[in-house]
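Please find one structure pasted underneath; my questions will follow.
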Amino acid sequence: MSVRELVVLGTASQVPTRHRNHNGYLLRWDGEGILFDPGEGTQRQMLRAGVAAHDIDRICVTHFHGDHSLGLAGVIQRINLDQVPHPITAHYPRSGQRFFNRLRYATAYRETVQLTESPVDRDGALASSGTYTLEARKLSHPVESYGYRLVEPDGRRMLPERLAAHGIKGPDVGRIQREGALGGVALEEVSEVRRGQRFAFVMDTRLCDGAYALAEGCDMLVIESTFLDADEELAVEFGHLTAGQAARVARESGVRHLVLTHFSQRYSEPDEFERQARAAGFEGELSVAHDLLRVPLPKRR
């Protein structure tokens, strides 16, 4: 059975706290694992969350501030130490190539795994698999930053009453799905579009077109909300979002499940982030992330 869930490894912003590790997020998408923004301590958080190096197939780094990338060195070395049997692809802003090189070879170790570097320097599709297309959009931050989005291809949902009306049953159901028609009956006559799932990961950014493009129509949006609304001026100055701004992006983009994360150490009351998100008009599912939280993607529409 396929599993699609977000495993939250860390939720702090620049400074970790007693209860919040630096960033780290693993998206389980069927049999594949995509690790986003591994900050310091990601290896230990993986252990606590039951995530193995073998679970990682792709690494996506939004930008090269330390709380989003300093864990790369340890994660890459752990992947090689454990001799992960499959190749791994790493995406990151091309402008930060020198930082990636330093982190990849921060210390001596034996390379045993094929790690393909696939830097990002423009908006658009980065990779496609059988179950999703990975896209990137540029965000607004003091250093170059990209958000990521997974889009599953639309499929077809078979309609039993229409199949029955045309006398299609048993093995013929699979046949019309594969071939697109059967005995003069088109697939479109006995099925409807099943919208593919969409997931977006938006970290350090001000409000910008890229954030909205990534969030558009998403089943789940993981988005930074570093500040509460009273500190909006700080958010703009340092290139971040408030809880209310993040919620407005989700509301205006039709997001189904909003996950707020990346919290400043200045705040000790997580419930206030939820209150401000609701006050901004977001009515869908809402999670204020905490370390080791697991969030399943919503069921298909």
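Sequence positions, counted from 1, serve as the residue numbers for this chain.
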Exercise for the section: Compare all side-chain heavy atoms of Glu135 with those of Val151 and state whether any distance is below 4.5 angstrom. Expected result: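 Yes, at least one pair of side-chain atoms sits under 4.5 Å.
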Handout entry: Distance-minimising heavy-atom pair for His91 and Ser118
Key =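 Heavy-atom minimum between the residues: ND1-O, 3.2 Å.
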Practice task
For His19, look at atom NE2 and say whether over 12 heavy atoms of other residues, nucleotides or ligands are found less than 6.0 Å away.
Solution key: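 Count not over threshold, so no.
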Handout entry: CA sep, side-chain torsions, deciding dist, call: His141, His65, ring-ring contact (aromatic ring centres under 6.0 Å, His included)
Key = CA-CA 10 Å; His141 197 53; His65 277 155; 5.1 Å; yes
Practice task
Starting from the C-alpha separation in whole Å, work towards a yes-or-no answer on side-chain hydrogen bond (donor to acceptor under 3.5 Å, both in side chains) for His63 and Asp204.
Solution key: CA-CA 8 Å; His63 66 292; Asp204 296 13; 3.2 Å; yes
Practice task
Look at Arg300 together with Glu152 and state whether they make a salt bridge at an N to O cut-off of under 4.0 Å.
Solution key: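 Salt bridge between Arg300 and Glu152, a charged N being under 4.0 Å from a carboxylate O: yes.
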Practice task
Go through the steps for Phe201 and Tyr148 under the test ring-ring contact (aromatic ring centres under 6.0 Å, His included), then give the verdict.
Solution key: CA-CA 5 Å; Phe201 184 80; Tyr148 297 95; 7.4 Å; no
Practice task
Return the minimal non-hydrogen interatomic distance between Asn21 and Thr42, and the atom names on each side.
Solution key: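 Of all heavy-atom pairs spanning Asn21 and Thr42, the closest is ND2-N, 4.2 Å.
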Exercise for the section: Ignoring hydrogens and angles, tell me if any N or O in the side chain of Asp121 forms a donor-acceptor pair with the backbone of Arg94 under 3.5 Å. Expected result: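 Such a contact is absent between Asp121 side chain and Arg94 backbone.
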Exercise for the section: Considering non-hydrogen atoms only, spot the tightest contact between Pro298 and Asp219 and give its length. Expected result: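 Smallest interatomic distance, heavy atoms only, reads CG-O, 3.3 Å.
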Problem - Pair Arg157, Ser191: side-chain N/O donor-acceptor within cut-off below 3.5 Å - result: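 No, no side-chain donor-acceptor pair sits under 3.5 Å.
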Problem - Ala280 backbone acceptor or donor facing Arg251 side chain under 3.5 Å - result: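 Between the backbone of Ala280 and the side chain of Arg251 there is a qualifying donor-acceptor contact (under 3.5 Å).
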Problem - Ionic contact status for Asp30 with Arg4, cut-off 4.0 Å - result: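 Yes, Arg4 and Asp30 are salt-bridged.
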Practice task
Tell me, with the steps shown, if His68 and His262 meet ring-ring contact (aromatic ring centres under 6.0 Å, His included).
Solution key: CA-CA 10 Å; His68 297 261; His262 193 273; 4.9 Å; yes
Problem - Minimal non-hydrogen separation, Leu103 against Ser69, with atom names - result: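 Reported closest heavy-atom pair: CD1-O, 3.5 Å.
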